[in-house]
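Here is the structure we will look at, set down as structure tokens.
Below, chains carry the letters A, B, ... as their sequence lines are ordered, and counting in each starts from 1.
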Number of protein chains: 2
Amino acid sequence: MRTAPASLAEARRLTKEDIYERLRREIVEGELRPGQRLGEEWVAGRLGASRTPVREALHKLEADGLVVLRPHRGALVRPFDLDELIGIFDLRVRIEGYAARRAATRLLPEQIDELASIQQRQVKLLNTPVTDKHEEPGSDAIRSLVELNQRFHRLIHIGSGNRHVEVMLSRLAYLPLVYQAIYAHGRQGRWVSLYHHEQLVHSFRTEDPELAEATMRTHIYHGRQAALARFAEGDHQEGPGSD
Amino acid sequence: MRTAPASLAEARRLTKEDIYERLRREIVEGELRPGQRLGEEWVAGRLGASRTPVREALHKLEADGLVVLRPHRGALVRPFDLDELIGIFDLRVRIEGYAARRAATRLLPEQIDELASIQQRQVKLLNTPVTDKHEEPGSDAIRSLVELNQRFHRLIHIGSGNRHVEVMLSRLAYLPLVYQAIYAHGRQGRWVSLYHHEQLVHSFRTEDPELAEATMRTHIYHGRQAALARFAEGDHQEGPGSD
DNA sequence: CATGGGGCAATTGTATGCAACCCACAGCGA
DNA sequence: TCGCTGTGGGTTGCATACAATTGCCCCATG
């Protein structure tokens, strides 16, 4: 078999998933900025694949709302504005609130333990001695924090038992500014955020849907503040030159 | 130019949009039933196109949640169950409620007039002398009613000024059972439904977001009853044979 | 008879060539 | 000068050939 060359080199050709994941990451993390053009030929050349899988990856990214496809004129990373950002959080508040409410009476004890464990790991991360590096977007500490945060929320989405919740939120929560907002929180903001997580775990343990929903709504609004602040910084503007 | 051969024959080859629209209609209206297999080759042969556009259409349908793609094993029309149907309405109530609330303070007078006009046309349709044909799913009267109903709702989605509302609802509202539920309403049910539309128009005219949201929620729950009844009839079951 | 491996048919995944399309811009005529 | 037209560069859209993957059937073997 060829699935496990175990290590280096591996000149295996890229599948559409590889390309999709890579482009998605680059867009969400901000390496590819809004307005950046993504011609099929250009992307294919850059990654060393043919147009076909690139094309499919771009179409999927369009379905995710991350790129705009202009027939015969090339794709580009979709820009978005303040109004849209607010609109996104309006919907997240409602959908994640609903997810938390449902999860409160559906999560299994093991799943709640898992949530608690994630929460504790985040606390530990925030308690490690502060170096300036902690504030840099690309640093490992931030990356882990973001990663754990996503795992926490995704577990709740799954725990809601409504498959459409996951689909909707994958379109609303994994976007450039929303992602970057995590490190727009100041130190205090991150502690508040973790307190919300703690409260959520508590509401699940006591199977209290009202508390779960209210807490989640507060939590999302809290995240909104960070995203709006981040937006105000102007870090969202068009990419290099464009045209 | 060749864009307007004006009439018949027109052996222009099918684009992926043609194929997408056609498959989508067939699935939503129930001609292609859940579980039905949709091999790329098979679809291409049936419609007289090559695999490439068919493939892209199928991928888009998967993003819409209408088909399931199984790598190397072919696509099929996605089946869904009672739990999912309930979950869909849970989300619709919240999202359409939000849309109506926002629309109440954003719709322009012309847009409200348009809504009123649609509502009146629906009343007229329901008032035409009853023949049995009116109850048949495929009849022109039912088709018009469904069409007008979709226009009415879509106008509100757009009027909400939140582009994500449209995207979310296109995944939640244009599904087989949801669509078919329209004619699962009895005669009285249709009148109640139109009364809700009338109330919505009123709430928009008076710019009353609370009334708009409450009315929309009631309206969607009303639709849910019809969908659940339709589901209970068992009209959702697997297609011919499958396997 | 149960079980595991080889190979085969069905099907999608990828590469590539050519056709169709969109737009910008130059050139022409009023 | 202004508007119209057509032509060419750039880019996607479609068709087709070939490669890769999956699942299954069948047979050898314990």
Side-chain angles (χ1 to χ4, degrees), chain A residues 1-5 9-24 32 35-64 66-78 239 241-243, chain B residues 1-6 9-24 32 35-64 66-78 239-243:
Chain A
M1 57 162 149
R2 66 191 299 284
T3 45
E10 182 45 355
R12 147 173 152 279
R13 76 180 162 202
L14 301 171
T15 70
K16 68 177 172 199
E17 269 85 17
D18 297 329
I19 298 169
Y20 170 77
E21 297 295 349
R22 166 142 182 199
L23 288 176
R24 171 160 199 135
L32 291 171
Q36 167 74 256
R37 292 197 51 191
L38 298 173
E40 294 177 2
E41 201 72 66
W42 182 78
V43 175
R46 193 169 74 104
L47 305 186
S50 84
R51 275 179 53 215
T52 307
V54 170
R55 185 177 173 75
E56 303 206 342
L58 287 174
H59 281 262
K60 194 160 178 202
L61 288 167
E62 192 215 17
D64 291 343
L66 288 176
V67 313
V68 182
L69 255 41
R70 300 166 309 172
H72 292 286
R73 315 214 291 103
L76 45 79
V77 180
R78 192 160 79 80
S242 64
D243 54 38
Chain B
M1 55 163 153
R2 65 190 300 281
T3 46
E10 183 45 354
R12 148 174 151 279
R13 75 182 162 198
L14 299 171
T15 71
K16 70 178 170 200
E17 268 85 16
D18 297 328
I19 298 168
Y20 169 76
E21 297 295 347
R22 167 141 181 201
L23 288 176
R24 174 163 195 133
L32 291 172
Q36 167 74 255
R37 292 197 53 190
L38 299 173
E40 294 177 3
E41 202 73 65
W42 182 78
V43 175
R46 193 168 73 106
L47 306 186
S50 84
R51 273 179 54 210
T52 308
V54 169
R55 184 176 172 76
E56 302 204 343
L58 287 174
H59 280 259
K60 195 161 177 198
L61 288 168
E62 193 215 18
D64 291 342
L66 289 176
V67 314
V68 181
L69 256 42
R70 299 166 309 170
H72 291 287
R73 316 217 290 105
L76 46 79
V77 180
R78 193 161 79 81
S242 67
D243 55 36

Gap between atoms [atom1] and [atom2], on [X] and [N] respectively (whole Å):
| X | N | atom1 | atom2 | answer |
| --- | --- | --- | --- | --- |
| A:Tyr20 | C:dG13 | OH | C1' | 18 Å |
| B:His59 | D:dG13 | NE2 | C1' | 16 Å |
| A:Arg73 | D:dG13 | CZ | C1' | 16 Å |
| A:Glu17 | D:dT21 | CD | P | 13 Å |

State which residues pass side-chain hydrogen bond (donor to acceptor under 3.5 Å, both in side chains) with B:Arg73; sequence neighbours excluded, sorted by chain then number.
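Residues passing side-chain hydrogen bond (donor to acceptor under 3.5 Å, both in side chains) with B:Arg73: none at all.
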How would you list, by chain and number, every residue that makes a side-chain hydrogen bond (donor to acceptor under 3.5 Å, both in side chains) with B:Arg78, sequence neighbours excluded?
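In terms of side-chain hydrogen bond (donor to acceptor under 3.5 Å, both in side chains), with neighbours along the sequence ignored, B:Arg78 is linked to B:Glu84.
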For B:Leu38 and B:Leu58, which heavy atoms make the closest approach, and how far apart are they?
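Looks like O-CD1, 3.7 Å.
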Partners passing salt bridge (charged side-chain N to carboxylate O under 4.0 Å, His left out) against A:Arg22 (at least two apart in sequence or in another chain)
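Result, salt bridge (charged side-chain N to carboxylate O under 4.0 Å, His left out) vs A:Arg22: A:Glu26.
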Using the test salt bridge (charged side-chain N to carboxylate O under 4.0 Å, His left out), find all partners of B:Arg55 that sit at least two apart in sequence or belong to another chain.
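So B:Arg55 forms a salt bridge (charged side-chain N to carboxylate O under 4.0 Å, His left out) with A:Glu56, B:Glu40.
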Atom pair NZ/CG of B:Lys60 and B:Asp64 - distance to nearest 0.5 Å:
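If I round to the nearest 0.5 Å, the distance is 7.0 Å.
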Using OP1 and OP2 only, check whether a side-chain N or O of A:Arg70 sits under 4.0 Å from C:dC22.
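No, outside the criterion.
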Residue-level proximity of residues 39-58 of chain A to DNA chain C when a heavy atom falls under 4.0 Å
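Result for residues 39-58 of chain A: A:Ser50, A:Arg51, A:Thr52, A:Pro53, sorted by number.
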Do A:Leu69 and A:His59 come close enough that some side-chain heavy atom pair is under 4.5 Å?
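In short, these two side chains touch, coming nearer than 4.5 Å.
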Non-hydrogen side-chain atoms of B:Leu47 and B:Val54 separated by less than 4.5 Å
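B:Leu47 vs B:Val54: side chains apart.
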Which letters describe nucleotides 5-10 of chain C, given B = protein heavy atom under 4.0 Å from base, S = only from sugar-phosphate, - = neither?
------
